[in-house]
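Below is one structure, written out as C-alpha cells; comments come after it.
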Amino acid sequence: MRRHKEIEPQATAEKNRQPLYKRRQGLVVAGVILGIILLYVLMSFFAWKNMKSHSDAVFGNVNRDLKIVMGQASSRGDRLKALESLNERYDEVDKLCQTEWWYSWQSVIPQNTSMLVSCKAKKTAIQATKPLVQQLLPLIKNENSLSDILSGLNGAGKELTEETWSKAKKAAEETLNKIKSMNTSKEYTPVKDRAEAVVTDVTTNWIKLEQAHTAKNKQEFTGATDALDHSYQGFATVEAASNALLSPKLDKLTATLAEIKL
C-alpha cells in the first residue's frame with residue numbers, strides 16, 4: 001500500500017504538466033499562423049501598391065510620348081523617337097493591370113476594384129492607338145529620310161554665279177541618286193516619286209543653265225533661269241503630298257487620344 005501511495009503523487013504531477021505543454025504548443029502554432037497572416041497582408045499590400053505605381057509610371061511615359069507625337073512644335077526627329085518609344089512600350093502595356101493568383105481575390109475590395117477598373121480603361125485606350133502608331137511609324141521614318149536627303153539642296157540656286165551653280169548642279173545630281181536608291185514603304189512611294197520628279201526637273205534645269213552659259217546664249221540662259229526658279233517651287237508639292245498622307249492618320253490618332261485620360 002505504501003508503494004501505491006508513493007506512485008500516485010508522481011502520476012498526478014505528470015497529468016498537471018500536460019495541459020501547460022499543450023497550451024504553450026497552441027500559442028506557438030497561433031503565433032506562427034498570425035505571422036503568416038501578417039506577412040500575407042503585407043505582401044498583398046505591396047503587391048497592389050507596386051502594380052499601381054508601375055502602371056502609373058508606364059502610363060506617364062506613354063502620355064509623354066503621345067504628346068510629343070501630336071505636338072505642333074515637335075521636330076521630325078523628336079516625333080520619330082517618340083513613335084519608336086511608343087511602339088516598344090505596347091508589349092509592356094499589354095502586361096499591365098494583371099494580378100497574381102495569390103492575391104487576385106482581393107479585387108473585390110472597393111479600393112482595389114476602382115484601381116483595376118481605371119487601370120484597365122487606360123490600358124484599353126492605349127492599346128487602341130497601337131494600329132495607328134504602327135501605321136505612322138514607317139511613314140514618319142520615310143518622311144525623315146527624305147527630308148534629310150532633300151536638305152542637301154538647301155540654299156542651292158539662291159545666288160546665280162558660276163561657282164554656286166556648279167555646286168548646286170552637283171548637289172542636285174547627288175540628291176537625285178539618293179532618292180532613286182531610297183527604300184520606302186509602299187504607302188509612301190507616291191511621295192518619293194513626287195520628290196524624284198521635282199529633283200529631276202531641278203537637275204535638268206541646272207544642266208540647261210550650265211550649257212546656256214557655256215554657249216553664251218543669253219536667251220536660253222534666261223529661260224533656264226526662269227525654269228530653275230519654277231522647278232524649285234516644286235518642293236512645296238512634295239511637302240503637300242507628304243502632309244496629305246500623314247495628316248489623316250495624325251487626325252485619327254488625335255481623335256483617339258481625346259478619349260484617353262492618363
Side-chain angles (χ1 to χ4, degrees), residues 33-148 184-185 187-188 242-243 245-262:
I33 293 173
L34 181 60
I36 291 172
I37 292 173
L38 288 174
L39 180 62
Y40 174 77
V41 170
L42 282 173
M43 289 177 65
S44 300
F45 171 78
F46 284 109
W48 284 101
K49 183 179 179 181
N50 290 339
M51 184 178 74
K52 185 178 187 305
S53 60
H54 177 61
S55 299
D56 287 346
V58 174
F59 291 146
N61 290 332
V62 169
N63 189 36
R64 181 200 63 203
D65 290 339
L66 287 170
K67 284 182 177 178
I68 293 173
V69 172
M70 303 311 303
Q72 295 294 327
S74 299
S75 67
R76 284 190 176 96
D78 288 342
R79 184 172 289 175
L80 177 58
K81 287 179 182 178
L83 280 170
E84 289 174 332
S85 175
L86 269 174
N87 194 45
E88 292 173 358
R89 292 190 195 282
Y90 284 116
D91 287 341
E92 190 175 13
V93 171
D94 290 342
K95 297 173 184 177
L96 296 178
C97 316
Q98 296 179 2
T99 56
E100 297 290 342
W101 62 269
W102 56 274
Y103 67 91
S104 59
W105 67 270
Q106 296 175 19
S107 59
V108 298
I109 299 172
Q111 182 180 351
N112 294 339
T113 301
S114 177
M115 186 190 76
L116 273 180
V117 169
S118 174
C119 184
K120 289 179 179 179
K122 292 176 183 179
K123 175 180 175 179
T124 300
I126 291 171
Q127 288 171 326
T129 68
K130 184 176 181 178
L132 297 171
V133 167
Q134 292 185 336
Q135 286 175 29
L136 277 168
L137 183 55
L139 299 178
I140 297 292
K141 282 183 178 179
N142 293 158
E143 184 187 51
N144 278 18
S145 297
L146 183 59
S147 178
D148 288 343
T184 63
S185 61
E187 197 173 4
Y188 202 78
S242 186
N243 288 339
L245 179 62
L246 292 172
S247 291
K249 299 182 189 307
L250 287 169
D251 290 344
K252 193 172 181 181
L253 183 58
T254 300
T256 303
L257 294 180
E259 301 175 3
I260 301 178
K261 294 180 180 179
L262 296 178

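Reckoned from all heavy atoms, side chains included, excluding hydrogens, waters and symmetry mates.
- In this structure, the side chains of L83 and N87 stay at 4.5 Å or more apart for every pair of heavy atoms.
- Listed here is the closest heavy atom pair of S107 and N112: CA-CB, 4.1 Å.
- From I140, atom CD1 reaches atom CG of L80 across 7.5 Å, with rounding to the nearest 0.5 Å.
- Contact check for Q98 versus K120: no side-chain heavy atoms found under the 4.5 Å cut-off.
- L116 has its side chain within reach of M51: a pair of non-hydrogen atoms, C-beta onward, lies under 4.5 Å apart.
- Shortest non-hydrogen contact noted between K123 and V93 is CE-O, 3.4 Å.
- Note: M43 CE to N50 CG = 11.0 Å, rounded to the nearest 0.5 Å.
- Atom NE2 of H54 and atom NZ of K49 lie 16.0 Å apart (nearest 0.5 Å).
- Minimum interatomic distance between Y188 and E143 (heavy atoms only, all atoms of both residues): OH-CA, 3.3 Å.
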Side chain to side chain contact (heavy atoms under 4.5 Å, CB included) between V117 and S114, intermediate numbers included: CA-CA 5 Å; V117 169; S114 177; 5.9 Å; no

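- More than 12 heavy atoms of other residues, nucleotides or ligands shown are found within 6.0 angstrom of NZ on K130.
- In this structure, K249 pairs ionically with E187, as a charged nitrogen and a carboxylate oxygen lie closer than 4.0 Å.
- No hydrogens or angles considered: a donor-acceptor pair under 3.5 Å links the side chains of S185 and N142.
- Scanning both residues, I68 and S74, for their nearest heavy atoms gives O-OG, 2.5 Å.
- For the pair Y103 and S44, the tightest heavy-atom approach, listed with the atom from each and the gap, is CB-OG, 4.1 Å.
- Between W48 and Q106, the closest side-chain pair of non-hydrogen atoms falls below 4.5 Å.
- A pairwise comparison of heavy atoms in R76 and S147 identifies NH1-OG, 3.5 Å as the closest pair.
- A salt bridge links K52 with D56: the closest approach of a Lys/Arg side-chain nitrogen to an acidic carboxylate oxygen falls below 4.0 angstrom.
- With values rounded to the nearest 0.5 angstrom, M115 atom CE is found 6.5 Å from C119 atom SG.
- L96 CG to I126 CD1: the interatomic distance, rounded to the nearest 0.5 Å, is 7.5 Å.
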Working for side chain to side chain contact (heavy atoms under 4.5 Å, CB included), residues L132 and L250: CA-CA 8 Å; L132 297 171; L250 287 169; over 6 Å; no

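- Two residues are said to be in side-chain contact when any heavy atoms from C-beta on lie closer than 4.5 Å; D78 and S75 meet this criterion.
- Note that CG of L66 and CG of L253 are 6.5 Å apart. Values are rounded to the nearest 0.5 Å.
- Side-chain atoms of T256 come within 3.5 Å of backbone atoms of K252 as a donor-acceptor pair (strictly under, hydrogens ignored).
- Side-chain N/O atoms of T254 and D251 include no donor and acceptor closer than 3.5 Å.
- When atom types are taken as modelled, the side chain of R89 and the backbone of E84 share no donor-acceptor pair closer than 3.5 angstrom.
- Using cut-offs of 30° and 60° on the angle between ring planes, the pair W105 and Y40 is parallel.
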